[in-house]
Peer 1: 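First the structure, then my questions, so here it is.
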Amino acid sequence: MAILLFADHDNAALSEAAAKTLTAATQIGGEVDILIAGKDAAAVADEAAKLAGVRSVLLAKGDALEQRLAEPTAALIVALAGDYDTILAPATTTGKNVLPRVAALLDVMQISEVIEVVSADTFKRPIYAGNAIEVVQSGEAKKVLTVRTAGFAAAAADASAPVKTVEAGTEGAELSRFVENILSVSDRPELSSAKIIVSGGRALGSEEKFQAVLNPVADKLGAAVGASRAAVDAGYAPNDFQVGQTGKVVAPDLYVACGISGAIQHLAGMKDSKVIVAINTDEEAPIFQVADYGLVGDLFDVLPQLESQL
Amino acid sequence: MKVLVPVKRVVDYNVKIRVSADGSGVDLANVKMSMNPFDEIAVEQAVRLKEAGTASEVVVVSVGPAQAQDVLRTALAMGADRAILIATEGTTEPLTVAKLLKGVVAEEEPGLVILGKQAIDDDCNQTGQMLSALLGWSQATFASEIELSDDKAKVTREVDGGLQAIEVTLPAIVTADLRLNEPRYASLPNIMKAKKKPLDTKTPEDFGVDVARRLNVLRVEEPAGRQAGVKVGSVAELLDKLKNEAGVI
Ligand SMILES: Cc1cc2nc3c(=O)[nH]c(=O)nc-3n(C[C@H](O)[C@H](O)[C@H](O)COP(=O)(O)OP(=O)(O)OC[C@H]3O[C@@H](n4cnc5c(N)ncnc54)[C@H](O)[C@@H]3O)c2cc1C
Ligand SMILES: Nc1ncnc2c1ncn2[C@@H]1O[C@H](COP(=O)(O)O)[C@@H](O)[C@H]1O
């Protein structure tokens, strides 16, 4: 039984999501090949080759693959699929964009956002914003899954697998054209792998206040900054800060929710954090029902105090 | 250009569902149902395209039980012109829905299909991508902005690192993310008018699609619970607990 893992990267470095997805693949059991599709991504392939438990790394090079747009990337994976029983990817925006296309082309149902591998054909996944967990078995000839990485530790990087170049066609490349990436730049840790997250909600009131109040605390803690949907919709924070059912799912050691009410859609993205702190003026706010430590108070008083006492 | 919008009837987003006692599923008796929130955004976008003169007609389609007519009527009240119900019993998987939608696309020949990015009940985030694959069309998922020209659409997508702009060739599949627009509420006169708009009913057999499930749900479990902890009285106490009790800073 062989497994193909479609990995995330930016043509320069491998995403940590790949190493976490590899752990899920190892639990399924079988020989794992990692696919690096990209342009000038040889360094990424070398990085992937170091991950423990990898049989080989497949490097597909092509202009059309530089941004891993769905159409050519799915065509590439389908062309390789014959050799594999299971195809998986992290449930990142790239994985979620490409893999359902692969599944449909193979005429199989995808299993989205796997949080636990029960056996080679049975998986657990959250439904209804994580308010229920579905235990689902696939009898499909090929299993196609995305993995919610927050629940899996990263595989070690102490091995060396061979890197093989594979032929990448240009099928589907005419359908879409990459225009530009407008990416958030930050010196802080990445939200999905941060150990500590300081997160702000509607109560922050403006982009200026969001930054003035949260950033100093985050900097002292070496934390990433997150946000609720309300804060993103209001323009206080960029879209990639959103934590929740339809944003990022995180599980840091410490999550500090500031002026966030705790709607189920928000909880869906952070309730597996090890320790949750809530700071809210409303002692009835639902966020306190999941918080290990609750502080009823005005965040505009509490956060500056926190910053000066850290 | 005709725009097709698939809309799903789901448990209202405000409802906290319960896992049924026997672990066979989720208790849906007497639970409020609504249009999937992402599909409201998709309908709004299509209606705006019509109001701008870019779209000629907005057709909405739902795969589901007879009660899914309610969400179709809501879409008609928001400004869609015509509705199609594909009547099914039980839950349908995204691959099945995509196959049925492929059949609708063959009949209706839209230039653009706008779906929601995700149904908030199954949380699959698959149907749009699958439909695109089955049709061999281009896809632009997680859209926060759409600009249409003659034969292309420039779409800004919400991605993990920020935003990505791509240009897709029409006909295309777009899936709507939260920031694409803010859907309108249907006015009472429009709700009345919607009752007279055409709503056709079809069956999966009309499209020759087998609706049997592919995945076998063995059981549905309660998620691991979380207990409320303690309230602290001051920042100093909070820091003490984080350092000495939890050991996380
Ligand atoms: C389809 C769909 C998907 C969604 N996906 C997500 C998602 O992924 N992530 C997400 O977060 N939400 C999501 N939501 C939205 C969610 O339902 C809530 O609307 C949102 O989480 C609320 O954000 P909030 O807590 O910041 O705002 P509010 O609910 O308005 O809460 C603000 C809180 O701040 C407190 N407060 C006010 N002033 C102060 C102060 N000075 N100091 C301290 N506290 C103060 C208030 O007591 C209140 O509890 C989604 C909704 C839908 C319909
Ligand atoms: N039963 C259905 N009827 C109509 N549209 C659907 C149905 N299921 C899914 N969709 C569409 O596909 C999108 C994504 O759903 P999903 O892949 O289930 O998360 C939804 O937002 C709808 O636009």
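Basis for what follows: all heavy atoms, side chains included, without hydrogens, waters or symmetry-related copies. So you know, we letter chains A, B, ... as the sequences are listed, proteins then strands, and number each from 1.
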Peer 1: If you tally heavy-atom pairs under 4.5 Å against chain A, which of B:Gly161, B:Gly233, B:Ser234, B:Ala98 wins?
Peer 2: B:Gly161
Peer 1: Can you tell me which of B:Gly25, B:Pro94, B:Ala228 forms the most heavy-atom pairs within a distance under 4.5 Å of chain A?
Peer 2: B:Ala228
Peer 1: Can you confirm whether more than 12 heavy atoms, excluding those of B:Lys231, are under 6.0 Å from its NZ atom?
Peer 2: yes
Peer 1: Can you say whether B:Lys117 sits under 4.5 Å from chain A via the side chain, the backbone, both, or neither, judging by heavy atoms?
Peer 2: side chain
Peer 1: Where does A:Lys248 contact chain B at under 4.5 Å (heavy atoms): side chain, backbone, both or neither?
Peer 2: side chain
Peer 1: Just how far is it from atom CH2 of B:Trp137 to atom CG of A:Leu175, taken to the nearest 0.5 Å?
Peer 2: 11.5 Å
Peer 1: Answer with side chain, backbone, both or neither: which region of A:Leu295 has an atom nearer than 4.5 Å to a non-hydrogen atom of chain B?
Peer 2: both
Peer 1: Answer whether the closest heavy-atom distance between the side chains of A:Gln289 and B:Gln227 falls below 4.5 Å.
Peer 2: no
Peer 1: Quick one: closest heavy-atom pair of B:Tyr13 and A:Gln265, and the distance?
Peer 2: O-NE2, 3.1 Å
Peer 1: Could you tell me which of B:Leu95, B:Val220, B:Thr169 has the largest number of non-hydrogen atom pairs under 4.5 Å with chain A?
Peer 2: B:Leu95
Peer 1: B:Glu167 and A:Ser176: side-chain donor and acceptor closer than 3.5 Å?
Peer 2: no
Peer 1: Assess the residue pair B:Lys16 and A:Tyr128 against the criterion (side-chain contact (heavy atoms from CB on, under 4.5 Å)); give the C-alpha distance rounded to whole Å, side-chain angles, the decisive distance to 0.1 Å, and a yes or no.
Peer 2: CA-CA 8 Å; B:Lys16 185 163 189 304; A:Tyr128 292 94; over 6 Å; no
Peer 1: Heavy-atom count around B:Arg18 CZ within 6.0 Å, excluding the residue itself: above 12?
Peer 2: no
Peer 1: Taking the side chain as C-beta and beyond, is there a heavy-atom pair between A:Val179 and B:Lys154 under 4.5 Å?
Peer 2: yes
Peer 1: Got a second to check how far A:Asn239's CG is from B:Thr156's OG1, nearest 0.5 Å?
Peer 2: 10.5 Å
Peer 1: What are the two closest non-hydrogen atoms of B:Arg226 and A:Val290, and how far apart are they?
Peer 2: NE-O, 3.0 Å
Peer 1: Looking at A:Ile133, A:Thr246, A:Asn181, which makes the most heavy-atom pairs under 4.5 Å with chain B?
Peer 2: A:Ile133
Peer 1: Determine the option with the most heavy-atom pairs under 4.5 angstrom with chain B, choosing from A:Asp292, A:Ile264, A:Val136.
Peer 2: A:Asp292
Peer 1: As a quick check of understanding, evaluate side-chain contact (heavy atoms from CB on, under 4.5 Å) for A:Asp240 and B:Asp160, giving each step before the final call.
Peer 2: CA-CA 6 Å; A:Asp240 50 299; B:Asp160 286 336; over 6 Å; no
Peer 1: Name the option with the most non-hydrogen atom pairs under 4.5 Å to chain A; the candidates are B:Leu163, B:Ile249, B:Thr175, B:Leu239.
Peer 2: B:Leu163
Peer 1: Can you list the steps and then say if A:Ser112 with B:Gln126 is a side-chain hydrogen bond (donor to acceptor under 3.5 Å, both in side chains)?
Peer 2: CA-CA 8 Å; A:Ser112 300; B:Gln126 299 176 7; 2.7 Å; yes
Peer 1: Tell me yes or no: between the side chains of A:Arg101 and B:Ser132, is some donor less than 3.5 Å from an acceptor?
Peer 2: yes
Peer 1: With a 4.5 angstrom heavy-atom cut-off, could you sort out which part of B:Phe38 is near chain A: side chain, backbone, both or neither?
Peer 2: side chain
Peer 1: To the closest 0.5 Å, what do you measure between SG (B:Cys124) and CE (A:Met109)?
Peer 2: 5.0 Å
Peer 1: Contact between A:Ile196 and B:Val248 at the side-chain level, heavy atoms closer than 4.5 Å - yes or no?
Peer 2: no
Peer 1: Is it the backbone or the side chain of A:Glu71 that comes under 4.5 Å from a heavy atom of chain B, or both, or neither?
Peer 2: side chain
Peer 1: Measuring heavy-atom distances to chain B, does A:Ala132 have an atom under 4.5 Å in its side chain, in its backbone, in both, or in neither?
Peer 2: both
Peer 1: Hey, are the side chains of B:Glu158 and A:Thr93 touching, using non-hydrogen atoms and a 4.5 Å cut-off?
Peer 2: no
Peer 1: Please flag which part of B:Arg157 lies under 4.5 Å from any non-hydrogen atom of chain A: side chain, backbone, both or neither.
Peer 2: side chain
Peer 1: Is it the side chain or the backbone of B:Leu238 that comes within 4.5 Å of chain A heavy atoms, both, or neither?
Peer 2: side chain
Peer 1: Step by step, work out the side-chain hydrogen bond (donor to acceptor under 3.5 Å, both in side chains) result for A:Tyr293 and B:Glu245.
Peer 2: CA-CA 11 Å; A:Tyr293 303 111; B:Glu245 193 174 271; 2.5 Å; yes
Peer 1: Which answer fits B:Val11, side chain, backbone, both or neither, if we ask what part of it has an atom under 4.5 Å from a heavy atom of chain A?
Peer 2: side chain
Peer 1: Decide side-chain contact (heavy atoms from CB on, under 4.5 Å) for B:Asp123 and A:Glu113; before the verdict, give the C-alpha distance in whole Å, the side-chain angles of both, and the deciding distance to 0.1 Å.
Peer 2: CA-CA 9 Å; B:Asp123 282 334; A:Glu113 308 255 355; over 6 Å; no
Peer 1: Quick one: pull up CD in A:Gln137 and CG in B:Leu218 and give me the separation to the nearest 0.5 Å.
Peer 2: 5.0 Å
Peer 1: Hey, could you give me the OG1/CG distance between A:Thr146 and B:Asn125, rounded to the nearest 0.5 Å?
Peer 2: 8.5 Å
Peer 1: Using a cut-off of under 4.5 Å on heavy-atom pairs, state which of A:Ile111, A:Ile276, A:Leu191, A:Leu69 scores highest against chain B.
Peer 2: A:Ile276
Peer 1: Tell me which of these, A:Glu174, A:Lys195, A:Lys124, has more heavy-atom pairs under 4.5 Å with chain B than the rest.
Peer 2: A:Lys124
Peer 1: For chain B, which candidate among A:Leu221, A:Asp107, A:Leu99, A:Val275 shows the most heavy-atom pairs at distances under 4.5 Å?
Peer 2: A:Asp107
Peer 1: Verify side-chain hydrogen bond (donor to acceptor under 3.5 Å, both in side chains) between A:Asn97 and B:Gln129, making sure each step is shown before the conclusion.
Peer 2: CA-CA 7 Å; A:Asn97 190 35; B:Gln129 297 87 314; 5.2 Å; no
Peer 1: At a 4.5 Å cut-off on heavy atoms, which part of A:Val102 comes close to chain B: side chain, backbone, both, or neither?
Peer 2: neither
Peer 1: Looking only at heavy atoms, what is the nearest atom pair of B:Met130 and A:Pro100, with distance?
Peer 2: CG-O, 3.4 Å
Peer 1: Against chain A, work out which of B:Asp121, B:Ile166, B:Val159 has the most heavy-atom pairs shorter than 4.5 Å and name it.
Peer 2: B:Asp121
Peer 1: Test side-chain contact (heavy atoms from CB on, under 4.5 Å) on A:Val135 and B:Val217 and set out the steps.
Peer 2: CA-CA 6 Å; A:Val135 186; B:Val217 177; over 6 Å; no
Peer 1: Between A:Gln110 and B:Arg214, is any side-chain donor less than 3.5 angstrom from a side-chain acceptor?
Peer 2: no
Peer 1: Check this for me, if you would: do B:Asp122 and A:Arg125 make a salt bridge, where the nitrogen-to-carboxylate-oxygen distance has to be below 4.0 angstrom?
Peer 2: no
Peer 1: Taking every non-hydrogen pair under 4.5 Å, which of B:Val168, B:Leu178, B:Val19, B:Leu134 racks up the most with chain A?
Peer 2: B:Leu178
Peer 1: Does the side chain of A:Ile182 come within less than 4.5 Å of B:Gln164's, by heavy atoms?
Peer 2: no
Peer 1: Taking side chain as C-beta onward, heavy atoms only, is B:Arg179 less than 4.5 Å from A:Gln242?
Peer 2: yes
Peer 1: Do other residues, nucleotides or ligands put more than 12 heavy atoms under 6.0 Å from the CD atom of B:Glu108?
Peer 2: yes
Peer 1: Please rank A:Val108, A:Thr122, A:Thr94, A:Val118 by heavy-atom pairs under 4.5 Å with chain B and give me the top one.
Peer 2: A:Val108
Peer 1: Report which part of A:Glu140 has an atom under 4.5 Å of a heavy atom belonging to chain B: side chain, backbone, both, or neither.
Peer 2: side chain
Peer 1: Less than 4.5 Å to any heavy atom of chain A: does that hold for the side chain of B:Ala224, its backbone, both, or neither?
Peer 2: neither
